[in-house]
2 protein chains.
Amino acid sequence: MLQNPNPAPAYYQQAETLLVAVDCIIFGFDGEKLKLLVFKRKLNPFAGAYSLIGSFVHPSESTTDAARRVLFDFTGLQDIFLEELHVYSEVDRDPGARCISIAKYALIRVTDYHKALSDHYDTEWVALDSLPELVLDHNRMVADALQRLKQKAQFYPIGFELLPKKFTIPMLQRLYEEIFERSFDARNFRKKLLSLTLVKPLPEKDRTTSKKGSFLYRFDYKKYERLSKKGFQFSLFKI
Amino acid sequence: MLQNPNPAPAYYQQAETLLVAVDCIIFGFDGEKLKLLVFKRKLNPFAGAYSLIGSFVHPSESTTDAARRVLFDFTGLQDIFLEELHVYSEVDRDPGARCISIAKYALIRVTDYHKALSDHYDTEWVALDSLPELVLDHNRMVADALQRLKQKAQFYPIGFELLPKKFTIPMLQRLYEEIFERSFDARNFRKKLLSLTLVKPLPEKDRTTSKKGSFLYRFDYKKYERLSKKGFQFSLFKI
DNA sequence: GCAAAAGTGTTACGCTTACACCCATGG
DNA sequence: CCATGGGTGTAAGCGTAACACTTTTGC
C-alpha cells in the first residue's frame, strides 16, 4: 500500500462527519420455523417499540467489530456467521438524527443461544411470517436480508449455520423448505446431499422427532473449503 | 413506519460521528479487454498516485446520491448500473483520518463515456490484468469487485451494461470470456443466448470487426423484468 | 398393532457439451 | 481468390425430477 507522502490537508477536517450505526438481522431456526431476533426498546426514541439489535459504530472499531460486539452483548455468542447486507443511508431514514446504518445479517444456532440474556435485554424470537412493525426502516432491512438469505443459500452452505452442529437430514430439509418456501422430495434431497460428500455420518441418532430416530450428520467445513478453492460450487438443487 | 414518539435524547448527540466516503469501482469493456477507470490525484494526500474515483458523503445526500454525483462529475454519465459492494471500515485503513468507505461498483458503456472530462480530471482506463498500485485499500476493493462481478454475471444479465445498447453476439461472447477468464464454444454460446429469447435481433450489421459483418441485437430489459418476477433465473452457462 | 417419521432405487427427460464445415465480404 | 471472422446442427452423456413402498419403534 502506498504510504501517505504528505499530511492530510484541511480538506479532510472540513468534510462533514455522520453518525454510523450497525443493525443486525439475526436469523434462527427452531426446527420448525425461521425466526428473527428482535428486542423491545427501553429507551427513547421509540421506547417500547420493536427494533433490530444495533449500536453506533465507535471510531475505535470497524463495523464488523461493532456488529460482533452487539451480537455478543445480546446473545452471548461469538464466532457466528455474519455478513454485510447493505448500507441504508436515505437522508430522512431516522427522524432523530442524520444517521446511516450498515445492516448485517447473522445466522445463529438457536440451541447455542444464551437464554439468560434474553430477559435482561427483552429480546424475542419472532416468526418471519408474522413480524411486528419495527422502528425506522428495519422492516425493509429484514425483507432485504430474507431475499439475500435465499440467494446465498442456493450456492453456499450457509444453512448449516442455522442448525445444531449435529443435525439430521430431515431437519436440514425442513430448514431448506422454510428458506425457499417450497417442498423438496425427500429421496432426491437426501441423494443430492449425500452425493456431495460434504456431510459426515455419525453413529448417533436423534430421537426427538420420531420413534425410529434419525441419524445425525456433521458438515465438513474443511472439505468444503478445500473443494471451494478448486472451483467447486455448492448447490443442493437446480435453480 | 413508526413515528418518533419522543425527541431524541442526549445519547444521539454524544455518539461519535465518522467521515464517510464512497469509492467507485468503474468497469468498462472496450471490445477486447475489461478495464477499470482510475484517476491520478492532484491533491494531497497521495498527490500523483492512482486512486479510485470517490468523495466524502455529504449529510444532505444518501451514499447512492454521492456515488452518482461523482460518477456524473468524472464521466458525464447518468443512469448507469451502480451497486453496493462492501463497506471498508478498518480503523487504520486511511492514515489521514478515521474514515470508512462505502465501495460501489459501476458498469459503464465505454462508447457513451464522455471523453472530454477525461483530460480535465486526469482519468485513465487501465486493463484489469495490469493495474497500477492504488492508494489506501483500493486494490483490495477492485479485487473484491471483480469477484462480485463474476458472481453476479452468472445469474444476472449485467454484462449487457458494459456493451453498447446494440451489440453483436461475438462481442458479448468476448466480454463473457473476459469476465470469466475462460472460453466458450461459439455455437453453444449463441444457441443458449438465443434460446432465452431475451435479445431482439435488429436488421443491421456491425462491420467494424469483420468483412462479412455481424448482426446487431438489443437486450430486452422489459421482457427480462417480466420473466424475473415470475421466478425466471438468467444464466448463460452451467456453473 | 398401529401411527408416524425415516429410509431406500429406478426411469424418463431435458440440458449441457463436444465437435467441423460453409458463408460472406473486403482487400 | 483468399484470408478473416460469422454463422449453423447433431449426438452422447449427465444430472434432475418424478414416483411408492418398507422399516423401526413408542405408545
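Everything numeric here is computed off the predicted structure, so don't read it as measured data. Below, read A as the first sequence line, B as the second, and so on, with proteins coming before strands; counting in each chain starts at 1. Hydrogens, waters and symmetry mates play no part in the numbers below; they use all other heavy atoms, side chains included.
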For the residue pair Phe234(A) and Tyr224(A), does the interplanar ring angle fall in the parallel (under 30°), tilted (30 to 60°) or perpendicular (over 60°) class?
-> perpendicular
With under 30° as parallel and over 60° as perpendicular, where do the rings of Tyr176(A) and Phe184(A) fit, or are they tilted in between?
-> perpendicular
Tell me: [atom1] of [X] to [atom2] of [N], nearest whole Å?
X         : N       : atom1 : atom2 : answer
Leu193(B) : dG7(D)  : CG    : P     : 12 Å
Leu194(A) : dA6(C)  : CG    : P     : 14 Å
Asp206(A) : dA4(C)  : CG    : P     : 19 Å
Arg187(A) : dT22(D) : CZ    : C1'   : 12 Å
Asn188(A) : dA12(C) : CG    : P     : 16 Å
Lys205(A) : dA5(C)  : NZ    : C1'   : 11 Å
Leu236(B) : dT17(C) : CG    : C1'   : 15 Å
Phe184(B) : dA18(C) : CZ    : P     : 12 Å

Please evaluate the base of dA6(C) for a donor-acceptor partner in the side chain of Arg207(A) within a cut-off of under 3.5 Å?
-> no
Polar side-chain contact Lys212(A)-dA6(C) base: donor and acceptor under 3.5 Å | yes
State whether a side-chain donor-acceptor pair under 3.5 Å links [X] with [Y].
X         : Y         : result
Tyr105(B) : Glu83(B)  : yes
Asp23(A)  : Tyr88(A)  : no
Thr168(B) : Asp206(B) : no

Lys33(A)/Asp129(A) ion pair, N-O < 4.0 Å = yes
Hey, is Arg109(A) close enough to Glu161(A) for a salt bridge, meaning N to O under 4.0 Å?
-> yes
Please tell me which of Ser210(B) and Arg190(A) maps to the more 5' nucleotide of DNA chain C, matching each residue to the nucleotide holding its nearest heavy atom.
-> Arg190(A)
All N/O contacts under 3.5 Å from nucleotides 14-16 of chain D to the protein, with atom names and distances to one decimal?
unit_1	atom_1	unit_2	atom_2	d
dT16(D)	OP1	Lys192(A)	NZ	3.3

OP1 or OP2 of dA6(C) less than 4.0 angstrom from a side-chain nitrogen or oxygen of Thr168(A), does that happen here?
-> no
